[in-house]
Amino acid sequence: MTLGSVLGGRNARHRRWQTVLSVAAIATAVALPVVLISVGGGVADHELASLRSSGYQLIVSGSGTHGISNAHNATTKIESIPGVAAAVPILSVPIDAVLGAGSYSGVLAEGVIPGSFPLTLGPTEGPLFPSVLPLGDPTDTIHWDGGSYAGPASWDVLVSTTFQQTFGVQVGNTLVLSPTVNASLGIAFNVTGVFGVPPLIGVPTGVYAVLLPLSDLQVLAHLASGPGTVVPDAADTLEVVAQAAVASNPAALAALRATIQGHFPGYTVTTLSEQAQQLEQASSLLTGFYLALSSVGLTVGVMFLALVLLRRVEGDQRSIGIRRALGVPRSRIVLGILEEGALLAALGGTFGVFAGWAIVRGLATWATSTVQLAAELAIFEPSTLVSIALGVTGLSLLASLLAARRALALDVLEALR
């Protein structure tokens, strides 16, 4: 069986169109799982790598928005537990930057403990930040002042490189940050440095972000103390850095987790290894879902191939009748149909893999925001791509067998009329 015979010769236009359409149907069906699995797998691998390379090993979280209360005291309590190197509360709040008279830009603000925050950064994120954050008091206790927030504040802020490049904000400038688009509610901060934005799924690569001391952001966002404060001394999570001997010992890390959970029964304490395991399980489920979703397209493609092969058997019934009358073995007739179906499916599978690759590369080049980031993380695993192509080729045998059964069921005398 050759490609020329499948195409049917220069004059068999209808047969050629059948070939083109059947190959296109298979290619379309194959392109979908290639896109879904490569992008989904790449995103999952990226997130797993981020978890496994983080500088912290445990995370404490509470229910609801800004679920950690009395974050400074909780930090001190956790750091007093044997085996803990540092605990870092993280507070994320969307705020507005005042750029001029009546001009604002939304930014994502993160409040941290300046001295210990770098310890939570892994090898990927670490180089994006200054080794020592120029944010005033490293412990963030002077402004906090035991919960009164009456101490002197530095009002320092770091801005992301994207924010700096877009709005021309330079180190040494003053930047007014406000909880709403109302400059009168804002506070003037001193820009003391810049940082890069790590690639995060769900966050645009061009995100405008600022980093400032936790107590400063709490005051700005009305999450510090006093009347009207819903969550006093609020944080979203507490990232716990274990000592090296504990971090490298799963049993010791599990014991540390249990100890912290005992001190904070109202919060959820998890290890990053647990999160990684959950992510791996979710990734496996998603891969199964992708394949199930793609099976609809593959079924349609194989059914179309079956129809094409059946039509060819009908068109070639005289030729088939002659061969059978001449004593050509039935197995040879069946083998010819199987070869034809397998060749069409292999061509469709090959074009489908290439089409899926082209779609992902196109999204990585021309899409925007999260879609582009996800496409850039796509992984084209050769074994997976070959398995998809071989799988659709195997399914083509079912379509070919239907056509072969039809060919063997032809009445020889009727076919020769």
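Computed from a prediction, not measured in an experiment: that's the story for all the values here. Count residues from 1 along the sequence.
- Taking the six-membered ring for Trp and thresholds of 30 and 60 degrees, F195 and F129 have nearly parallel ring planes, at less than 30 degrees apart.
- A donor-acceptor pair under 3.5 Å is absent between the side-chain atoms of N190 and the main chain of D156, judged by distance alone.
- Test L36, V30, V35 against L32 for side-chain contact (heavy atoms from CB on, under 4.5 Å) and you get one pass: L36.
- Under the 3.5 Å distance criterion, the side-chain polar atoms of S22 are left unmatched by any main-chain donor or acceptor of V308.
- Residues satisfying the ring-ring contact (aromatic ring centres under 6.0 Å, His included) criterion with F167, sequence neighbours excluded, are F163, Y208.
- The heavy-atom pair separating S178 from L220 by the smallest distance is CA-CD1, 4.1 Å.
- Residue pairs meeting the salt bridge (charged side-chain N to carboxylate O under 4.0 Å, His left out) criterion with at least one member in residues 255-270, sequence neighbours excluded, are R257-E274.
- Considering OG of S69 and CG of L223, their distance stands at 11.5 Å, rounded to 0.5 Å.
- Contact between Q261 and Y267 at its shortest, heavy atoms only, is NE2-O, 2.7 Å.
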(request) For the pair L108 and S160, evaluate side-chain contact (heavy atoms from CB on, under 4.5 Å) and give the outcome as yes or no after the intermediate values. (result) CA-CA 10 Å; L108 177 64; S160 66; over 6 Å; no
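- Scanning both residues, A378 and V360, for their nearest heavy atoms gives CB-CG1, 3.5 Å.
- In terms of heavy-atom proximity, I187 sits nearest to V219 at CD1-CG1, 4.5 Å.
- When the side chain to side chain contact (heavy atoms under 4.5 Å, CB included) test is applied to A85, the partners found at least two apart in sequence or on another chain are V241, Q243.
- When the side chain to side chain contact (heavy atoms under 4.5 Å, CB included) test is applied to A74, the partners found at least two apart in sequence or on another chain are L238, F264.
- Pairing each heavy atom of L99 with each of S105, the nearest pair is CD1-CB, 3.7 Å.
- When all heavy atoms of A234 and Q218 are compared, the closest pair comes out as O-NE2, 2.7 Å.
- Remark: N70 engages no residue in a side-chain hydrogen bond (donor to acceptor under 3.5 Å, both in side chains) (not counting sequence neighbours).
- Residue pairs that meet the side chain to side chain donor-acceptor pair (under 3.5 Å) test with at least one member in residues 82-101, sequence neighbours left out, are S92-E110.
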